[in-house]
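Structure record follows, encoded as C-alpha cells.
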Number of protein chains: 2
Amino acid sequence: MSNQNMSVPALRRLPLYYRCVIALKEEGKKFISCTDIGSRLELVPIQVRKDLQAAGATGRPKVGYEVDELETVLKEMLGYGKPTDAFIVGMGNLGQALTAHKEFERCGLEIVAAFDTSPLKIGRDYFGKRVFPLNKLVNLAQRMNIKMGIITTPAKSAQDIADIMVEAGIKGIWNFTPVHLNVPDDVYVHNENFMSSLSVLINRIS
Amino acid sequence: MSNQNMSVPALRRLPLYYRCVIALKEEGKKFISCTDIGSRLELVPIQVRKDLQAAGATGRPKVGYEVDELETVLKEMLGYGKPTDAFIVGMGNLGQALTAHKEFERCGLEIVAAFDTSPLKIGRDYFGKRVFPLNKLVNLAQRMNIKMGIITTPAKSAQDIADIMVEAGIKGIWNFTPVHLNVPDDVYVHNENFMSSLSVLINRIS
DNA sequence: CTTTAATTGATATTTTATTATCTATTTACA
DNA sequence: TGTAAATAGATAATAAAATATCAATTAAAG
C-alpha cells in the first residue's frame, strides 16, 4: 500500500503536486509534464519527476503524465481515499481552528472526537465534534480503533497526553506543542513546531 | 548579527535547545553538556554540538556549556531579544488562534495588527489586536516598517494577499495556506503546510 | 517517411546534512 | 601529583537529498 521507503521531503511535496493536478484538471488539461508542475511550484523538473516516480506514477515521453492517472496515484499514496480517524486533545483556540478546518476531510483526515479537561467545554460540540473528558480517551480510542492523535494542549500537559495516547494504542501523534515527546519506537511523532518556523523566518529577514 | 549561513534544519533545532536550556536553568543547573541536551531531545550529542557551535556557543571540556551563556547566545541568534513586528491577514479560526498564542511574544514575534475583509470583524479587537480593512495594509506596513506577514486566509485569496504584502515591503511571509506563493527573490516565504505534515503521518502509521 | 523537439526513465554526480573519529583539555579523584 | 573519565572542538567519513546527464521514446511537423 503506502510506500514506507519514500523520503520525508518527497512525501511532503506530494500534496503540492496533488493540488496542482486538481487545478490542471479543472482547467481541462488531460496531460501534464514535470516541467509544467515544476514551473507552477518553482521546483526543478527533475525533482518533480523523481518524486512522481517514487509515488508510482508513469508517464509517456513527449506527452507527460495523464492527469486522471496522476490524481489516482497521488490520492492512493496520500491516503485520501480512505480517511484516517483521529482524536484531538485540547480545545483551545488552536484545537478549535484545526477542528473547524474543512480541508482535512478532503485530505485523508477525519477528526472524530475532541477531548479537554475543562468542564466548560466537555459535552459541548465544536464544529460538529463532541468534546469528551480526557479519561474517556483510552476506552474510546480502543473501541473505535483510533490510530492518530493530535495534541493542541498547553505545553505542560503535552507529555501526559502523549502517554495516554500511547496507552490507547495510538501510533501517530501530531504534536502542535513545542515540547519533545517521549514515546515508544513504534509510535511516530510529527512535531508542528511553530517556534522552529519562526526561527527560520526571523533569521532570513534580518 | 544573525548568522545567515546556518542551515535550515539546524536553525529549526535551536528553539528546542533554547527550551531545554530554560528548563535546566530552572532546575538550578549551571553547566550543561551536549550529551544532556541530546538525551532530553533524543538527538545524538554530535549534532547538538555542531548546532551550538554554528550558533556561536563555546563550552569547556569535561564541563559543558554555561547555561547562562548558552541562553544569551541562543536568544541572540533566535532574535528573542528584539521582537519582530508582524501583520496577520485572515482572522478566521486559525488567525485568531495564532493571534491568541502567548508564546510568540516571548519568542521574537509581535503581532501588531490584524487584517480581514469581513465587515463583521473590521474594527473589532481579537486578543488585544485591532482588525483593519485590507486596503489599509500597505500604508500601515510602510509607516510601521513591518517586515513580516502571516497569511491565514482561505486558499483562494492567498496569492492576492501575498502581492499586497510584497507591495507593502514585507520581506518574510509565513504562509499557512496550502498554495504556492509567487513572490520576488528578495522575499522569503515559509510554508506551514498542514497537508504536507499529514502526508507523512498517514504514511508512517499505515 | 524522416527529422526534430520534448519528454520520460535510468544512472551518475554533486551538494547538503548527519554521524563518526580523533585530539586536546579540564575536572575529579586516588 | 598523577591518572582516569568526560567533554569540547576539529576534521573526516558516511548518508541522504537534490540535481545533472544521457539514452530511449514518442508525437508532431516538414
For atom [atom1] of [X] and atom [atom2] of [N], their distance in whole Å:
X     : N      : atom1 : atom2 : answer
A/E42 : D/dT19 : CD    : P     : 13 Å
B/Q47 : D/dA15 : CD    : C1'   : 13 Å
A/K62 : C/dA5  : NZ    : C1'   : 4 Å
B/M6  : C/dA17 : CE    : P     : 11 Å
A/D51 : C/dT8  : CG    : P     : 13 Å
B/F31 : C/dT26 : CZ    : P     : 13 Å

At a cut-off of 3.5 Å, list every protein nitrogen or oxygen paired with a nitrogen or oxygen from nucleotides 9-13 of chain C, distance to 0.1 Å.
| unit_1 | atom_1 | unit_2 | atom_2 | d |
| --- | --- | --- | --- | --- |
| C/dG9 | OP1 | A/G59 | N | 2.8 |
| C/dG9 | OP1 | A/G59 | O | 3.2 |
| C/dG9 | OP2 | A/Y65 | OH | 3.1 |
| C/dG9 | N7 | A/R49 | NH1 | 3.4 |
| C/dG9 | O6 | A/R49 | NH1 | 3.4 |
| C/dA10 | OP2 | A/Q53 | NE2 | 2.7 |

Within the 4.5 Å heavy-atom criterion, are A/Y126 and A/I88 side-chain neighbours or not?
no
Side-chain donor-acceptor pair under 3.5 Å between B/Q47 and B/D51, yes or no?
no
Among B/L94, B/I161, B/T99, find the one that has a side-chain contact (heavy atoms from CB on, under 4.5 Å) with B/T152.
B/L94
Might you work through the salt bridge (charged side-chain N to carboxylate O under 4.0 Å, His left out) test for A/E71 and A/K29, ending with a clear yes or no?
CA-CA 12 Å; A/E71 187 192 352; A/K29 289 251 173 61; over 6 Å; no
Using only side-chain N and O atoms of B/R13, determine if any of them is under 4.0 Å from OP1 or OP2 of C/dT18.
yes
Is any side-chain N or O of B/S7 closer than 4.0 Å to OP1 or OP2 of C/dT16?
no
Please check if the side chain of B/K129 supplies one atom and the backbone of B/I111 the other of a donor-acceptor pair under 3.5 Å.
yes
When the ring centroid of B/F132 is compared with that of B/F87, is the distance short of 6.0 Å?
no
